[in-house]
Amino acid sequence: MDNGEVARVLAEIADLLELTGGNAFKVRAYRRAAQVVDLHPVPVARLAREGGLAELPGVGERIAEKIAELVETGGCREHARLAALVPAGVLELLRLEGVGPKTVEAVWHRLGVEDVAGLEAACRSGRVLEVPRMGPARAEAILGAIGRHRARAGRTLLHRAIGHAEPILERLRAVPGVRAAEVAGSVRRRRETVADLDVLVSAGDAAPVVRAFTGLSGVVAVLAEGPTKASVRLRCGMQADLRVLPPDAWGAALLYFTGSKAHNIALRARALRRGLKISEYGVFDREGRRLGGATEAEVYRAVGLPFIPPELREAQGELEAAEAGTLPRLVEEGDLLGDLHVHSRASGDGRSDLEALAAAGRALGRRYLAITDHSRSRPLGLDPQRLAAHAGAIRALDGRLRGKPHLLAGVEVDILPTGALDLPEHDLARLDCVVAGVHARFGDPAARNTDRIVRALRSGVVHVLAHPTGRELGTRDGYALELDRLLEAAREEGVALEVNAMPERLDLGAEGCRAARAAGGAGGDLDRRARRRAAREPPLRGVGGAPGVAGGEGRAEHAAAAGAATPPGAPRARAAARARVSRAGGGAPWCSRTGGRRGGCWRSGWSGSGRGTRWCWAWRAAACRSRPRWPARSAPSWTCWWCASWARLGGPSTPSAPSPRGARPACATRRWARPACPRRTWRRSPSARRRRWGGGSACTAATGPRSSWPAGRSSWWTTGSRPGPPRARRLGRRASAGRRGSSWRRR
DNA sequence: GCCGTTTTCGGCCCGACTGTTTTCAGTCG
Ligand SMILES: Nc1nc2c(ncn2[C@H]2C[C@H](O)[C@@H](COP(=O)(O)OP(=O)(O)OP(=O)(O)O)O2)c(=O)[nH]1
Ligand SMILES: [Mg+2]
Ligand SMILES: [Mg+2]
Ligand SMILES: [Zn+2]
C-alpha cells in the first residue's frame with residue numbers, strides 16, 4: 001500500500017467518523033494525518049517497518065497503529081467497522097459543494113437518501129424541504145452542485161492555473177485604489193495541481209474591487225459576494241476566490257490566503273500558546289492591540305520564527321525546522337544554469353530548430369543546453385546514422401555560438417522493456433549528454449520495472465535518468481517502482497535524476513526530490529558541482545557520486561508555447577457581465593431585477609450579518625410583493641416568497657400535485673397569514689450582537705480563557721461602529737457598515 | 001486523536017458569507 005492509498009483510507013475514516021457523530025477534533029486529527037502521509041516523501045510502509053511512524057507530525061500512537069495495520073494487511077478494522085455503518089453513496093454526498101456533514105446526516109437519516117441520485121430525486125420532488133433549515137434556494141444550489149459533481153472538473157495543472165490568473169490580476173490591478181494583487185493559495189505554494197484560484201487584493205476600499213471581480217469577462221456565475229470577498233466560477237471551469245484586505249494587513253493577509261490550511265492552523269496555535277492571536281488582519285496581543293502584519297516576515301517574527309517560503313508551508317515539519325533553524329535553502333529559478341533535456345525538430349517532440357532553441361535558452365539565461373532528441377524506437381526517433389549527423393550539426397552550431405549558450409550533443413535514449421538501451425553503447429559514448437528514459441510498456445510489476453531501469457543505469461553510458469517515475473499529471477500514475485532500489489543504483493552509478501519541467505510531468509516532483517535527498521543526500525552537492533563546472537567547463541564530465549537532480553525538458557519549448565497562447569479577450573463592461581451572470585443563474589436569488597445596489601438592505605439599510613444583502617429578511621418579502629418578480633400564476637391567492645421561490649425551482653405548482661409542500665396554491669401549506677411579511681418590530685439584543693461578532697461559531701473568543709475581546713466590546717455597540725477584529729472595522733465600515741450603524745441607532 | 005515555552009488533561013484557528021427563521025448554524029476560505 002503506498003502513501004496515497006493509506007492517506008485515502010485515513011481521510012475516509014475521518015469522513016465516516018464525521019457522519020457517525022464522532023468527535024470533531026478526532027475527525028480533524030485523521031484528516032491531518034491523511035495529508036501528512038500523502039505528502040510524505042518516504043513510504044509509510046518503510047516507516048512502519050523501521051518504527052519511524054511516530055515521527056510524522058500529527059501521527060500518534062493510535063493512528064500509527066492503523067497505518068501499520070494498513071500496510072501489513074491492506075485493511076483496517078476500524079475503517080471496516082465504520083464503513084459498515086455508512087453506505088458508500090452517502091460518503092459521496094460529502095463531495096458536493098455546499099453540502100457538508102450536517103446536511104448529509106440530515107438527508108440520510110430523515111429522508112433515507114443513500115446516494116447522489118437519491119438526493120437529486122429528493123430535491124426535485126421537494127422532499128428535501130422536510131429537512132430543517134432546508135429551503136428552495138438550498139435545494140436549487142444542491143441540484144447545481146450535483147450537476148457540477150457529475151461534470152467533475154478536477155484539479156488544474158499549475159501552469160494552466162497561472163495562465164488563467166494573470167488576466168484577472170491585471171484587471172484588478174487596474175482598479176483605482178488597488179495597491180497590490182497576487183494569486184495566493186496552492187498556486188503560490190506551487191503545488192503541482194490546484195483546485196481554484198485564490199486572489200488577494202490590497203486596497204483601502206474593497207467594494208470596487210469586489211465589483212470588478214464579479215464583473216470580470218470570464219465569470220459565468222457569482223457563487224458568493226460580500227463586502228470583503230467573493231467567489232465566482234470562470235468560463236474555464238475553475239472557481240476563483242477573491243479576498244480584499246487593507247494595505248497594512250498585507251503580510252498577514254498573504255500568509256492567511258497562501259495557507260496551507262494546516263500551516264495556518266499550526267501557526268495560529270503557536271501564537272495562541274504565546275498569548276497572541278493571528279488572523280488575516282494581523283497579529284494581536286491579549287488586549288487586542290495590533291502588533292504587526294505588514295509583511296509575512298513580521299508575522300513569523302512575532303511568533304519567533306524566520307520567514308518560511310510558501311513552497312514549504314504544508315505543515316510537514318517546516319515549523320519545527322524553522323524553529324530549529326534548519327530550513328533548507330530552496331533551489332531557485334536563478335540557480336538554474338542549464339537544461340539537459342531539450343527536443344528539436346529532429347525528433348517528434350520538438351517544434352524548433354537548433355538556432356531557435358539556442359536563442360530561447362539564451363533569452364532565459366541558460367549557460368548550456370543539451371539537445372536530446374528521441375532514439376529510433378520512438379516515432380521519428382534517431383537511428384545511429386541520423387544521430388551522428390545531428391550531433392555534428394549541434395557541435396557545429398555550438399562552435400559558432402561561442403558559449404552563448406554551450407550546446408551539448410545528446411540524446412534521449414529509450415530504455416527498452418528488457419532494460420537494454422535503444423542505441424549501441426559505442427554510439428552513446430561519443431555524446432556529451434545521454435539522457436535515458438522509459439517511454440513504453442508501463443504495466444509491468446514494480447520489481448520488473450526497477451530491474452529494467454537499474455540495468456540501463458548500470459550501462460555506464462547514461463548521465464541522466466529522464467522523468468524517473470513516468471507519471472503524467474491528470475492522465476496516468478507513474479509505473480510501479482521500487483524507488484529505494486532505483487535511488488541506490490543511481491547513487492552508485494553517479495546518474496543524475498531529472499527534474500523534468502514539462503508541466504504535465506514535473507518528474508521527479510517535490511516528494512521524489514525529497515526522497516532522493518533522503519536516500520543519497522547529494523542534491524546540494526550537485527548544485528555546487530554544477531555551479532563550479534559551469535563556471536569553467538561544459539557540464540557533465542566527471543559527474544559522479546550521488547543521485548542529484550538535473551533540470552530538464554520543456555523549458556525552452558514551453559517558452560515558445562506560452563508565447564503562442566492566445567491572450568484572453570479584454571474584460572467587457574461590468575453591466576454586460578452582470579447581465580450574463582444573471583442569465584447564467586448566478587448571484588443572489590432575490591430581486592436581482594431591481595438593480596445593483598449593494599451594501600445593506602435597500603430599504604432599511606440593515607445588513608444583518610454584514611453581507612451585502614439587498615433586502616433584510618423583513619423587507620425583502622414585502623419588496624418583492626410590491627414588485628412582483630414572478631407573474632402571479634393562475635393562483636388566486638397570494639404567494640409567499642417561500643412558495644414563489646419554490647415555483648422557480650420547477651417544482652409542482654398546481655393544487656393537484658403530490659408534493660408534500662408548496663403544492664397547493666399560495667401559503668395555505670405554510671400557514672403564513674396574508675400580511676405575513678411583517679415589518680420587523682423586534683430588536684436584536686446587544687448581547688446577541690456581541691456573541692455574533694466574537695468570531696467563529698464556537699465562539700471561543702467569547703467564552704474561552706483566551707478571550708480578551710469582550711473587554712472593549714460593549715463600546716462597539718454603543719458607538720454604533722462595527723464590532724469585530726480591529727482591522728475589520730475600517731474596511732467593513734467603508735464597505736457597508738455606515739448605513740448599518742445608523743439604522744441600528746434609529747431603532 | 002494529538003499534543004505541551006502555562007498544561008500529560010483539557011484544550012484544539014479565526015473569520016466571511018448564505019439561507020432561514022424570528023434569532024444562527026452550516027459551510028467554506
Ligand atoms: N486559517 C484558515 N485558513 C484557511 C482555511 N481554509 C483555507 N484557508 C486559507 C489557506 C488556503 O491556502 C487558502 C485558500 O484556500 P483553498 O481552499 O483554495 O486551498 P488551497 O489553495 O490551499 O488548495 P486548493 O488547491 O485550492 O485545494 O485559504 C481554514 O480552515 N483556516
Ligand atoms: Mg486554492
Ligand atoms: Mg480557494
Ligand atoms: Zn522522455
Side-chain angles (χ1 to χ4, degrees), chain A residues 10 13-14 17 22-33 54 57-66 94 96-103 106 132-141 184-185 195-196 198 200 223-231 239 241-245 252 256-257 259-275 277-281 284 304 323 588-590 607-613 617-618 620 641-642 645 678 680-685 688-689 691-701 704-706 724-725 727-728 732:
Chain A
L10 293 177
I13 291 178
L17 280 171
N23 175 293
F25 295 108
K26 187 168 159 183
V27 171
R28 181 195 287 177
Y30 271 100
R31 216 158 259 159
R32 165 145 157 69
V59 174
E61 200 182 331
R62 312 291 296 278
I63 293 184
E65 275 170 22
K66 310 249 176 351
L94 284 174
L96 299 172
E97 290 170 24
V99 176
K102 301 293 187 208
T103 307
R133 301 190 64 86
M134 183 71 81
R138 288 213 63 206
E140 191 170 13
D196 64 0
D198 301 293
L200 179 68
L223 308 175
E225 183 179 359
T228 73
K229 63 191 260 190
S231 289
Q239 182 177 324
D241 297 325
L242 170 78
R243 185 68 199 268
V244 189
L245 283 154
Y256 149 70
F257 216 29
S260 66
K261 172 178 168 175
H263 181 86
N264 286 353
I265 291 178
L267 194 70
R268 290 168 179 212
R270 181 184 170 90
L272 216 51
R273 288 196 297 273
R274 297 167 166 243
K277 183 184 78 161
I278 295 176
S279 76
E280 61 267 43
Y281 294 98
F284 303 89
E323 168 115 60
W590 282 97
S607 105
S609 58
R611 63 182 189 251
T613 181
W617 66 267
R620 65 184 173 192
W641 64 266
W642 194 95
S645 183
R680 189 176 56 226
T681 52
W682 50 272
R683 166 180 173 165
R684 183 170 310 193
S685 76
R689 300 292 297 169
R691 270 203 306 285
R692 153 132 208 99
W693 290 109
S697 54
C699 206
T700 48
R706 60 174 216 268
R727 303 318 304 169

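Note that the coordinates shown come from a computational prediction; the quantities given were computed from them, not determined experimentally.
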Main-chain N/O of A:G98 paired to A:R138 side chain as donor or acceptor, under 3.5 Å: yes

Nearest-angstrom distance, P atom, B:dT21 to B:dT27: 15 Å

A:Y256 (side chain) and B:dG29 (base): donor-acceptor pair under 3.5 Å: yes

Separation of B:dC13 C1' from A:R32 CZ (nearest whole Å): 13 Å

C1'-based separation of B:dG1 from B:dT6 [nearest Å]: 22 Å

Whole-Å gap separating P (B:dG15) and CZ (A:F257): 16 Å

N/O (side chain, A:Q239) to phosphate O (OP1/OP2, B:dC28) under 4.0 Å: no

Residues which pass side-chain hydrogen bond (donor to acceptor under 3.5 Å, both in side chains) with A:R273, listed by chain and number, not counting sequence neighbours: none

Close residues, residues 24-31 of chain A, relative to DNA chain B [heavy-atom separation under 4.0 Å]: A:F25, A:K26, A:R28, A:A29, A:Y30

Sugar-phosphate, base or nothing in reach of A:N264, heavy atoms under 4.0 Å: nothing

Distance in angstrom units between A:M134 CE and B:dC24 C1', rounded: 16 Å

A:A224, nearest nucleotide to its side chain (from B:dC13, B:dC17, B:dG26): B:dC17

Sugar-phosphate, base or nothing in reach of A:P101, heavy atoms under 4.0 Å: sugar-phosphate

Side-chain touch A:L245/A:T228, heavy atoms, less than 4.5 angstrom: no

Minimum-distance pair of heavy atoms, taken over all atoms of A:S279 and A:F284: OG-CE1, 3.8 Å

N/O (side chain, A:T228) to phosphate O (OP1/OP2, B:dC17) under 4.0 Å: yes

B:dT8 - base-pair partner by Watson-Crick or wobble geometry, distances under 3.5 Å: none

Pair A:R270-A:I278, side chain to side chain contact (heavy atoms under 4.5 Å, CB included): steps then yes or no: CA-CA 9 Å; A:R270 181 184 170 90; A:I278 295 176; over 6 Å; no

Protein-nucleotide distance (A:R243, atom CZ; B:dG15, atom P), rounded to Å: 10 Å

Distance in angstrom units between A:R138 CZ and B:dC28 C1', rounded: 12 Å

Separation between the P atoms of B:dT18 and B:dG11, rounded to whole Å: 34 Å

Side chain of A:R268 (C-beta onward), nearest among B:dG1, B:dC13, B:dG15: B:dC13

Distance, P atom - from B:dA16 to B:dT22, rounded to whole angstrom: 26 Å

Between B:dT7 (C1') and A:R273 (CZ): distance, integer Å: 11 Å

Nucleotide nearest A:T103 (side chain, heavy atoms from C-beta), chosen from B:dT27, B:dC13, B:dG15: B:dT27

Side-chain touch A:F257/A:D241, heavy atoms, less than 4.5 angstrom: yes

Sugar-phosphate only, base, or nothing, as touched by A:I63 at under 4.0 Å among non-hydrogen atoms: sugar-phosphate

Side chain to side chain contact (heavy atoms under 4.5 Å, CB included) between A:R133 and A:K102, intermediate numbers included: CA-CA 11 Å; A:R133 301 190 64 86; A:K102 301 293 187 208; over 6 Å; no

Protein-nucleotide distance (A:L223, atom CG; B:dG19, atom C1'), rounded to Å: 15 Å

Sugar-phosphate, base or nothing in reach of A:L267, heavy atoms under 4.0 Å: nothing

Toward the 5' end of DNA chain B, by each residue's nearest nucleotide, A:R62 or A:L96: A:R62

Separation of atom CG in A:L242 from atom C1' in B:dG29, rounded to whole Å: 12 Å

B:dA25 phosphate, OP1 or OP2, under 4.0 Å from A:R133 side-chain N/O: no

Whole-Å P distance, B:dG4 and B:dC13: 14 Å

Spacing of CG belonging to A:N23 relative to CZ belonging to A:R28, to within rounding of 0.5 Å: 10.0 Å

Nearest-0.5 Å distance that lies between atom NZ in A:K261 and atom OH in A:Y256: 11.0 Å

Nearest-nucleotide comparison on DNA chain B, the residue closer to the 5′ end among A:I265 and A:G100: A:I265

side-chain N/O A:K277 vs B:dG15 OP1/OP2, d < 4.0 Å: yes

